[in-house]
There are 2 protein chains.
Amino acid sequence: MATGRTHRPATRSRGIPEATVARLPLYLRALTALSERSVPTVSSEELAAAAGVNSAKLRKDFSYLGSYGTRGVGYDVEYLVYQISRELGLTQDWPVVIVGIGNLGAALAGYGGFASRGFRVAALIDADPAMTGKPVAGIPVQHSDDLEKIINEDGVSIGVIATPAGVAQQVCDRLVAAGVTSILNFAPTVLSVPDGVDVRKVDLSIELQILAFHEQRKAGEEAGAEGGPDSGTDTGAPTAPPAARTAGGSRKGPDGDVPAVMPA
Amino acid sequence: MATGRTHRPATRSRGIPEATVARLPLYLRALTALSERSVPTVSSEELAAAAGVNSAKLRKDFSYLGSYGTRGVGYDVEYLVYQISRELGLTQDWPVVIVGIGNLGAALAGYGGFASRGFRVAALIDADPAMTGKPVAGIPVQHSDDLEKIINEDGVSIGVIATPAGVAQQVCDRLVAAGVTSILNFAPTVLSVPDGVDVRKVDLSIELQILAFHEQRKAGEEAGAEGGPDSGTDTGAPTAPPAARTAGGSRKGPDGDVPAVMPA
DNA sequence: CCATCTTTGTGCACGCGTTCACAAAGACAT
DNA sequence: ATGTCTTTGTGAACGCGTGCACAAAGATGG
């Protein structure tokens, strides 16, 4: 997962579990595809397959929205598209500002996903004076001095941060102070925000590192076929001295030299 | 979260919970920052604050790795950096290929997060012949015809997909067939892969839609102080005609022009 | 060497999320 | 109208993740 919620004890908003909310966009996408192919109805089994989830989970998810299906038949595609769109708040227009128009910011500005479904890029903001006025994806970049003004005038409540990590918190603070209550953070930093503000983060490094972990595990597994599920009771508490060696030089012969294999 | 694992019943890899693995990169980042400031030791409380998590959670997470702390003192920063790096497999070099060099792919290619920690962009691949040979972020783009060759020669096991949704599955299949076993997917599609292949996805649309949901809820709460948890008992089935709204199905003209990423 | 103080490591309980399995509901054929 | 067949909606059980609260461990001072 490239993103993660910032604390909040999973406040089951209005009775809909957070995990379900996170899947609704997935269902919506699959349903939209069906709609474009003029498919009238779909069963939970089919839709679940298209969305890559368990059919029971899908049915339970939908049950939180209401009883929109017909037993023996399935779900009406158009109707469900509308219901989910409404539930997600996509029937209204959400103006969004993107702060930090570097490579990533520019890519986001040109991202079709914005315009297509309820979201509208209200403004592009960058701190570099050289960028001001320059059009990116057809939208002129505005200077960050005007951040507050822009947000107030357009009634923006969702902000996207694509700045360097160093200034992300600062930008975040200004956005929040100006009235933004939802933030999508692409900067590799933990943002702290007051209660009532939602932050979701998208972090490439973290995703890659998680993949690397599993990749390493796979490599280690196929190599060390000896110890069964685990190579040698790693639970060993005496594995390392409390706070001595820096490079983990503590005695583990098969550690410093063995790179990929041997999880130990 | 912008990402999500593709099925796999939370296989507690080698005893380390998946949730913990997902947080290790966060700890590592915070620790690296401390290391750069030459801070020798850190308590679970301090580190937890820096990483934005609960200190008990952090201690429990570390307990899965071993007993690397010293009671009454805390954790040795350098030592912990090494241990986590090793656990995540970052002590080795991971060659990565990026497929689909549109706006997003180019932005990813130039992303500093790659080079900084164990990851190396081994190749940029695009299907457009006009792109072939053209340097992006200092790396010449190669044609997708050579995809298999590139992966085999460099021993690439991690692939990043930044293509339009329409060809993502196809690209994925070729990557997997060529030997890639971990995929980071930026295309708005559910990828199906054989067992043993990890897929993580980063989906901008989904993140925005989740934010919109909460944003709507916030707006509804402060406005509809009457109905309590919801503004007007929306459960009411009669809210909308069964098959009227064409919300998304209508204008999706802008489709062929979308370069790197496709709308939801 | 003993007392005190700090901080880790973890047993335990709780809650969310997932999955199974099945009864209820409706379509459809006869 | 009745029976059969399909598919939904959900009760219940299970497992993972989280957070509390505390005992154990070690540092530090006298």
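Proteins come first, then strands; the chains are lettered A, B, ... in the order of their sequence lines, and each starts at number 1. Everything quoted here is computed from the prediction, not taken from an experiment.
Partners of B:Ser85 under the side-chain hydrogen bond (donor to acceptor under 3.5 Å, both in side chains) rule, at least two apart in sequence or in another chain, do not exist in this structure. Under the rule for a side-chain hydrogen bond (donor to acceptor under 3.5 Å, both in side chains), A:Thr189 has no partner lying at least two apart in sequence or in another chain. Partners of A:Ser205 according to the side-chain hydrogen bond (donor to acceptor under 3.5 Å, both in side chains) rule, which considers only residues two or more places apart in sequence or in another chain, are B:Tyr111. Qualifying side-chain contact (heavy atoms from CB on, under 4.5 Å) partners for A:Asp173, counting only residues two or more places apart in sequence or in other chains: A:Gln169. For B:Glu45, the side-chain contact (heavy atoms from CB on, under 4.5 Å) partners are B:Ser43, B:Ser55, not counting sequence neighbours. A search for salt bridge (charged side-chain N to carboxylate O under 4.0 Å, His left out) contacts involving B:Arg59 returns nothing, not counting sequence neighbours. Annotation: side-chain hydrogen bond (donor to acceptor under 3.5 Å, both in side chains) contacts of B:Thr32 (sequence neighbours excluded): B:Arg117.
The base of D:dT8 sits within donor-acceptor range of the side chain of A:Arg71, with an N or O pair under 3.5 Å.
Side chain of B:Lys218 to main chain of A:Gly196: a donor-acceptor pair is present (N/O by atom type, distance under 3.5 Å, no hydrogens or angles). Side-chain atoms of B:Glu215 never come within 3.5 Å of backbone atoms of A:Trp94 as a donor-acceptor pair (strictly under, hydrogens ignored).
Taking atom NZ of residue A:Lys60 and atom P of nucleotide D:dG11, one finds them 8 Å apart after rounding to whole Å. Atom-to-atom, CZ of B:Arg59 to P of C:dT7 comes out at 11 Å; the value is rounded to the nearest Å. In this structure, A:Asp61 atom CG and C:dT18 atom P are separated by 7 Å, rounded to whole Å. Residue B:Ile16 contributes atom CD1, which lies 12 Å from atom P of D:dG17 at whole-angstrom precision. Computed from coordinates, the B:Phe62 CZ to C:dG9 P distance equals 9 Å when rounded to whole Å. Distance OH (B:Tyr64) to P (C:dT8): 17 Å, rounded to an integer number of Å. Rounded to an integer number of Å, the gap from OH of B:Tyr68 to C1' of D:dA25 is 18 Å. In this structure, CG of A:Asp76 is placed 13 Å from P of C:dA27, rounded to the nearest angstrom.
Side chains of B:Val160 and A:Leu204 form no contact here, defined as non-hydrogen atoms less than 4.5 Å apart.
Taking the side chain of A:Glu18 as heavy atoms from C-beta on, and the options D:dG9, C:dG17, C:dT8, the nearest nucleotide is C:dG17. Of the candidate nucleotides D:dC20, D:dG17, C:dT19, C:dT19 has the atom lying nearest to any side-chain atom of A:Lys57. Looking at the side chain of B:Asn54, the nearest of the listed nucleotides D:dA12, C:dG17, D:dC20 is D:dC20.
Applying the ring pair (Phe, Tyr, Trp, His ring centres under 6.0 Å) test to residues at least two apart or on different chains, the pairs with a partner in residues 18-62 of chain A are A:Tyr27-A:Phe62, A:Phe62-A:Tyr75. Applying the ring pair (Phe, Tyr, Trp, His ring centres under 6.0 Å) test to residues at least two apart or on different chains, none of the pairs has a partner in residues 181-210 of chain A.
An angle of 10°, rounded to 10°, separates the two end axes of the helix from C:dC1-D:dG30 to C:dT30-D:dA1, each defined over five pairs.
Each of A:Gly72 and A:Ala56 was matched to the nucleotide of DNA chain C holding its nearest heavy atom; the match closer to the 5' end belongs to A:Ala56. Each of A:Thr20 and B:Gly66 has a nearest nucleotide on DNA chain C; the 5'-most of these lies closest to B:Gly66.
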Distances for protein N/O vs nucleotides 28-30 of chain D N/O pairs under 3.5 angstrom?
none

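Nucleic acid contact class of A:Tyr75 (heavy atoms, under 4.0 Å, all strands): sugar-phosphate only.
Non-hydrogen atoms lying under 4.0 Å from DNA chain C are contributed by B:Ser43, B:Ser44, all within residues 37-49 of chain B.
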